[in-house]
Amino acid sequence: MTLPASGLRITSTLHADGRLELELAEAPVAAPRAGEVVVRVEAAPVNPSDIITLLAGADPGQARAEGSPARPRLVAQLGEAALRAQAARVGLPLAVGLEGAGEVVAAGEGAGALAGRRVAVFSLGRGTFAQYVTVAAEACVPLPPGTSAAEGADVFVNPLTALAMLETMRLEGHAGLIHTAAASNLGQMLVKACLEDGIPLVNVVRRPEQAALLRALGAVHVCDSSASDFRAQLVEALKATRATLAFDAVGGGRLASDILAAAETAAASRTSGYAAYGSNERKQLYVYGRLDPSRMELAHGAFGPYWGVGGWVMTPVLEQIGPQRTRALQQRVVAGLKTTFASAYAREVSLAEALSPKTVAAYGRKATGGKYLLDPTLRA
Ligand SMILES: NC(=O)c1ccc[n+]([C@@H]2O[C@H](COP(=O)([O-])OP(=O)(O)OC[C@H]3O[C@@H](n4cnc5c(N)ncnc54)[C@H](OP(=O)(O)O)[C@@H]3O)[C@@H](O)[C@H]2O)c1
């Protein structure tokens with residue numbers, strides 16, 4: 001195939017006056033250098049991390065459409081505080097889309113083995129919300145024959161994150177996990193991966209229907225934060241599982257505090273005799289998402305003497321475990337793309353439709369089962 005000189009891609013630009021512009025426009029397709037490939041993108045999921053890059057915290061409900069149906073532009077205004085928080089990206093037209101799947105249509109020297117293959121791609125900074133993306137061959141994982149682009153679009157972000165959580169749990173010596181916003185796409189994968197590995201998991205959700213969804217997948221411990229006895233449910237689940245490591249995607253409000261306090265109550269119930277300061281068991285909570293942008297409140301008097309709260313992201317964990325183990329995790333994901341690591345999408349849309357105010361507002365809600373998939377091969 002001859003490589004086209006240019007292709008459509010979505011960019012997000014924040015201007016110094018707080019104006020945010022999302023645009024679908026032609027951009028040159030970079031010819032592959034040695035060790036690189038060009039992928040014709042066939043599917044790319046819209047993940048919460050992409051929504052952060054795309055919207056920079058702007059309210060999609062306030063955005064106005066400009067441009068034409070084939071070359072749409074969406075314009076929103078950021079307030080002063082949000083603009084200050086995003087100062088580092090002012091003036092940069094950011095390519096959007098961390099991952100996707102598609103066909104390798106050109107390969108540079110040393111990357112010929114991928115030519116013509118359908119691959120999953122991790123495109124840090126290059127942007128998969130585009131017709132073409134040029135990436136390092138090592139950022140691609142070949143998909144097995146019979147795997148559709150939609151099935152292979154999410155190999156890296158959610159599945160590898162779920163598996164990296166299990167790696168952290170093992171490295172830090174915890175017996176089980178607690179997970180919040182647990183009915184998320186990632187949370188459903190974590191339920192299945194923990195069942196496969198025999199790892200105790202306490203799922204925290206915020207609606208009864210989310211609890212039912214996870215139980216249908218086989219989840220044993222599901223605590224609903226909307227229930228009046230939520231804290232008691234949590235303590236019982238933490239006693240039963242001895243889980244002391246929490247991954248919190250919510251990141252705001254009192255939920256993290258409730259979890260650490262419940263973990264201390266459960267740990268204290270295992271402590272024999274009188275412990276003046278509380279249990280010596282370590283309780284750790286990692287914030288790995290920001291679904292609730294409000295301030296986190298920590299009533300740490302209830303956590304005992306030995307606890308920690310920190311940020312967590314998948315990539316340093318993969319560096320820590322090294323390339324060989326990372327490849328093994330990738331292979332596990334690829335083998336489970338139709339089962340453990342299958343993603344369901346609410347809708348598949350074209351690049352142009354991805355910028356319509358209604359569509360942006362819909363995927364911007366990050367609702368359970370509300371994930372969108374972009375198909376850049378679709379016409380507007
Ligand atoms: N740090 C990393 O390395 C890393 C990597 C991958 C993913 N992540 C994070 O993982 C999280 C899940 O991603 P995903 O793609 O699986 O999400 P998703 O499928 O879009 O699901 C989002 C879930 O969050 C819930 N939710 C939204 N706002 C909430 C709030 N304020 N409080 C409690 N629950 C809320 C939704 O429930 P409702 O239906 O009730 O709204 C839904 O179940 C995201 O925060 C993402 O940023 C982090």
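Start at 1 and go down the list; that is how both ligands and their atoms are numbered.
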Starting from atom 16 (O) of ligand 1, which protein heavy atom do you reach first, and at what distance in Å? Leu186 N, 2.8 Å
Quick check on the hydrophobic clustering: are Leu213 and Val205 connected, directly or via other members, by side-chain heavy-atom contacts under 4.5 Å? yes
Minimum heavy-atom separation for Ala268 to Ser279, with atom names? N-CB, 3.9 Å
Under 4.0 Å from ligand 1, counting heavy atoms only, is it the side chain of Asn158, its backbone, both or neither? side chain
Considering only the protein, which heavy-atom contact is closest to atom 15 (O) of ligand 1, and what is its distance? Lys371 NZ, 2.6 Å
Can you list the ligand 1 atoms lying under 4.0 Å from a non-hydrogen atom of Asp292? 31 (N)
For atom 21 (O) of ligand 1, which protein heavy atom lies nearest, and how many Å away is it? Ser184 CB, 3.4 Å
Could you check atom 22 (C) of ligand 1 against the protein and tell me its nearest heavy-atom contact, residue, atom and distance included? Lys366 O, 3.3 Å
Mind checking whether Met314 has an N or O less than 3.5 Å away from an N or O of ligand 1? yes
Provide, to 0.1 Å, the distance between atom 31 (N) of ligand 1 and the closest protein heavy atom, together with that atom's residue and name. Leu291 O, 3.5 Å
From Trp312, Tyr286, Tyr288 - option closest to atom 9 (C) of ligand 1 by heavy atom: Tyr288
As an exercise, identify every atom of ligand 1 less than 4.0 angstrom from a heavy atom of Gly289. 45 (O)
For atom 46 (C) of ligand 1, grab the closest protein heavy atom and report residue, atom and distance to one decimal in Å. Pro48 CB, 3.7 Å
Once rounded to the nearest 0.5 Å, what's the spacing between atom CZ of Arg64 and atom CG of Leu74? 9.0 Å
Hey, can you tell me if His300 and Trp307 have their rings parallel, tilted or perpendicular (30° and 60° cut-offs)? parallel
For the 3.5 Å polar cut-off, considering only N or O atoms, please tell me whether Val250 and ligand 1 meet it. no
Using 0.5 Å steps for rounding, measure from the CZ atom of Arg270 to the CZ atom of Arg242. 4.5 Å
Protein contact of atom 19 (O) of ligand 1 - nearest heavy atom, named by residue and atom, plus distance: Asn185 N, 2.9 Å
If you take all heavy atoms of Ala111 and Ala107, which pair is closest and at what distance? O-CB, 3.5 Å
Just going by heavy-atom distances, which of Met165, Arg207, Arg206, Gln188 is nearest to atom 35 (C) of ligand 1? Arg206
Within the 4.0 Å heavy-atom shell around Val313, which atoms of ligand 1 are there? 1 (N), 3 (O)
Heavy-atom contacts with Val157 under 4.0 Å: which atoms of ligand 1 show up? List them by number with element. 6 (C)
Applying ring pair (Phe, Tyr, Trp, His ring centres under 6.0 Å), can you list everything that pairs with His15, at least two apart in sequence or on another chain? none
Taking side chain to side chain contact (heavy atoms under 4.5 Å, CB included) as the criterion, tell me which of Leu190, Val220, Val191 meets it with Leu214. Val191
At under 4.0 Å between heavy atoms, what of Thr161 touches ligand 1? The answer is side chain
Taking all non-hydrogen atoms of both residues into account, name the closest pair between Thr134 and Ala30 and its distance. OG1-O, 2.7 Å
Atom indices of ligand 1, in the order listed, that fall short of 4.0 Å to a heavy atom of Ala181: 24 (O), 34 (N)
Would you call Gln210 a ligand 1 contact, heavy-atom distance under 4.0 Å? yes
For the atom pair OG1 (Thr340) and CZ (Arg332), what is the distance rounded to the nearest 0.5 Å? 6.5 Å
Using a 4.0 Å heavy-atom threshold (strictly under), name the region of Thr368 that reaches ligand 1: side chain, backbone, both or neither. both
What is the distance from atom CG of Leu24 to atom CG of Leu355, rounded to the nearest 0.5 Å? 6.0 Å
Strictly by modelled atom types, are Arg89 and Ser12 linked by a side-chain donor-acceptor pair under 3.5 Å? yes
